[in-house]
Amino acid sequence: QARIDGTIVVGDNNGREIRNRFESAENGEELRQFEVRETDVRCALCPGHTWPLGTDIGGMLSKLRYHLDLRNPAAPMHRERLVATASDSSWRTPPL
């Protein structure tokens, strides 16, 4: 889980970014975009999107990045759900 938390970063159209762990806009609870479970990794924002843990970490991170890639049809919905779920304070403007 720590490797995913430290690697996943999603940018928005305003130059801001958000990491895998973020704060809920609804109640301030800590949430994750991707959660490691006993046998797989699941996208907490996109029902039914899971990847088996048998994959090496590099391969797993590549699959998760592709899920976020705008060339992937699922990516816009993921981003919309993320924007709707995350608190404003979870978004950061990266240093130049």
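The model shown is predicted, which means the values in this text are computed figures rather than measured ones. Side-chain atoms are counted along with the backbone in the values below, which use heavy atoms only and exclude waters and symmetry mates.
Looking at residues two or more places apart in sequence or on another chain, you find a side-chain contact (heavy atoms from CB on, under 4.5 Å) between N27 and S24, E29. In this view, S89 and E23, S87 satisfy the side-chain contact (heavy atoms from CB on, under 4.5 Å) rule, not counting sequence neighbours. Listed by chain and residue number, D69 satisfy the side-chain contact (heavy atoms from CB on, under 4.5 Å) test with R71 (two or more places apart in sequence, or in another chain). Residues passing the side-chain contact (heavy atoms from CB on, under 4.5 Å) test with D12, sequence neighbours excluded: N14, R16, W91. For R79, there are no salt bridge (charged side-chain N to carboxylate O under 4.0 Å, His left out) partners two or more places apart in sequence or in a different chain. Considering only residues two or more places apart in sequence or on other chains, H78 meets the ring pair (Phe, Tyr, Trp, His ring centres under 6.0 Å) condition with F34, H67.
Of all non-hydrogen atoms in A25 and A86, the two that sit nearest each other are CB-O, 3.6 Å.
In this structure, CD on E35 lies 4.0 Å from CZ on R42, to the nearest 0.5 angstrom.
Using a 4.5 Å cut-off on side-chain heavy atoms (C-beta onward), L53 and E38 make no contact. The closest side-chain heavy-atom distance from T50 to R37 is below 4.5 Å. Using a 4.5 Å cut-off on side-chain heavy atoms (C-beta onward), N20 and Q1 make contact.
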Checklist entry - Given the rule in the side-chain contact (heavy atoms from CB on, under 4.5 Å) test, do Q33 and L64 qualify, once you have shown the distances and angles that lead to the verdict? => result CA-CA 10 Å; Q33 297 178 60; L64 299 181; over 6 Å; no
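R32 has a carboxylate O that lies under 4.0 Å from a charged side-chain N of D5, or vice versa, which qualifies the two as a salt bridge.
The neighbour count for E30 CD, taken as heavy atoms of other residues, nucleotides or ligands under 6.0 Å away, is above 12.
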